[in-house]
Amino acid sequence: LRTLLGRHEADWYIDLYEPVLELKQELDGDSGGVYLDRDTHWTEHGGMAMVEQVVERIAPGVYDPAEVSEVGVQPLEGDLTRILGLPETYEVVDREVNRLGVSTTELESQVVDGAYPVRRFVSDAPTAPMVEGHTVLLFDSFTFPVLEEMAPYFEELTLVHWDAVGSVDVAGMMEEADHVVVQVAERNRAFRVGAGIIGGEANGPDRAGVHDRLHERCELAAAEAPPR
């Protein structure tokens with residue numbers, strides 16, 4: 001996958017292998033690490049590596065790591081413990097983004113049957129730099145830890161989970177947006193992003209419509225989860 005993308009010089013593609021691996025080496029187990037314990041996903045720290053790469057690709061100079069801070073801990077039930085039939089809850093490091101002069105408001109969510117709701121945020125920043133316009137982010141479970149943390153960097157942000165495709169007009173949202181970001185873990189690439197974008201076929205007509213919009217116009221962040 002990475003070789004194919006590099007061969008085509010896909011400037012719309014953000015490869016997160018190197019940034020996440022560099023962060024893993026830098027942390028060396030400190031501050032909660034890059035991956036959650038007993039879970040297959042990133043910590044908030046790992047997720048913020050994705051946020052930085054996406055924001056800086058669209059609007060260089062907007063992201064400032066000094067605006068991200070630890071604010072305590074929060075409970076989490078690791079997905080591997082559920083898979084084993086031994087659900088276990090433990091504490092993980094919680095982070096928040098505080099951008100001087102930025103006020104972020106979450107608007108009313110759109111309920112989606114059988115999927116996570118579509119969430120919308122607007123941010124007002126008279127002096128702070130922002131990703132201007134309306135950004136639509138199509139995401140999977142790797143983005144969950146940093147959904148709220150992403151919002152203060154965007155003037156208007158709509159968050160749509162992949163499971164909502166077919167239940168809401170995701171293709172229409174993408175067509176009308178100023179920026180489109182698609183986050184997908186490599187393990188899900190084949191059935192979620194296929195349709196000739198990287199190779200493979202669309203999984204059903206609803207996904208095909210989304211893939212058509214990606215072909216027409218998007219700034220695509222194919223966020224891969226590197227090996228643990």
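These figures come from a predicted structure and were not determined experimentally.
At distances below 3.5 Å, at least one donor-acceptor pair connects side-chain atoms of Arg82 with backbone N or O atoms of Glu77. A donor-acceptor pair under 3.5 Å links the side-chain atoms of Glu56 to the main chain of Gly61, judged by distance alone. The closest donor-acceptor contact from the side chain of Arg99 to the backbone of Pro152 lies under 3.5 Å.
Of the inter-residue distances, the one linking Glu52 atom CD with Asp64 atom CG reads 9.5 Å to the nearest 0.5 angstrom. A distance of 11.0 Å separates CD1 of Ile14 from CD of Gln183, quoted to the nearest 0.5 Å. Here the straight-line distance linking atom CG of Asp79 with atom CG of Leu36 works out to 8.0 Å at 0.5 Å rounding. Summarising the geometry, atom CG belonging to Leu138 is positioned 11.5 Å from atom OG1 belonging to Thr158; distances are rounded to the nearest 0.5 Å. To the nearest 0.5 Å, the span separating NE2 on His179 from CD on Glu156 amounts to 11.0 Å. Between the CG atom in Asp178 and the CD1 atom in Ile58 there is a gap of 10.5 Å [rounded to 0.5 Å].
Scanning all heavy atoms of the two residues, the minimum distance from Ser141 to His41 falls at OG-NE2, 2.7 Å. For the residue pair His45 and Leu23, the shortest heavy atom distance occurs at O-CD2, 3.5 Å. Between Pro117 and Ser109, the shortest heavy-atom contact is CB-CB, 4.1 Å. Smallest separation of non-hydrogen atoms from Asn98 and Ser69: ND2-OG, 4.0 Å. Nearest heavy atom pair, residue Ala151 against residue Ser123, reads O-OG, 3.2 Å. Across all non-hydrogen atoms, the minimal contact from Pro60 to Arg57 is CD-O, 4.4 Å.
Counting heavy atoms from C-beta on, the side chains of Phe121 and Leu159 come closer than 4.5 Å. For the pair Val93 and Glu44, the minimum side-chain heavy-atom distance is 4.5 Å or more. Considering only heavy atoms from C-beta on, Ile83 comes within 4.5 Å of Leu80 through its side chain. No side-chain heavy atom of Gln53 sits under 4.5 Å from any side-chain heavy atom of Val20. In this structure, Leu147 and Tyr116 have side chains that are not in contact, with every pair of non-hydrogen atoms separated by 4.5 Å or more. For the pair Thr43 and Val92, the minimum side-chain heavy-atom distance is 4.5 Å or more. Looking at Asp113 and Ser167, their side chains never come closer than 4.5 Å, going by heavy atoms from C-beta outward. Between Val97 and Val68 there is a side-chain heavy-atom pair separated by less than 4.5 Å.
Few gaps surround CZ on Phe144; more than 12 heavy atoms of other groups in view lie less than 6.0 Å from it. Remark: Gln74 CD is packed, more than 12 non-hydrogen atoms of other residues, nucleotides or ligands lying under 6.0 Å away.
The other residues sharing a hydrophobic cluster with Val102 are Met130, where clustering joins ILVMFWY side chains under 4.5 Å apart. Through direct or indirect side-chain contacts shorter than 4.5 Å among Ile, Leu, Val, Met, Phe, Trp and Tyr, Leu100 is connected to no other residue.
Taking 4.0 Å as the cut-off between side-chain N and carboxylate O, Arg38 and Glu88 count as a salt-bridged pair.
Ring pair His161/Phe139: centre-to-centre distance below 6.0 Å. For Tyr153 and Tyr63, the gap between ring centers is short of 6.0 Å.
With Arg119 as the fixed residue, the side-chain hydrogen bond (donor to acceptor under 3.5 Å, both in side chains) test singles out one of Glu148, Gln110, Glu108: Glu148.
Thr81 meets the side-chain hydrogen bond (donor to acceptor under 3.5 Å, both in side chains) test with no other residue; sequence neighbours excluded.
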Handout entry: Steps toward side-chain contact (heavy atoms from CB on, under 4.5 Å) verdict (Val55, Phe154)
Key = CA-CA 8 Å; Val55 170; Phe154 295 84; 4.0 Å; yes
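Cluster membership for Val146 and Tyr35, using ILVMFWY side-chain heavy atoms within less than 4.5 angstrom, is shared.
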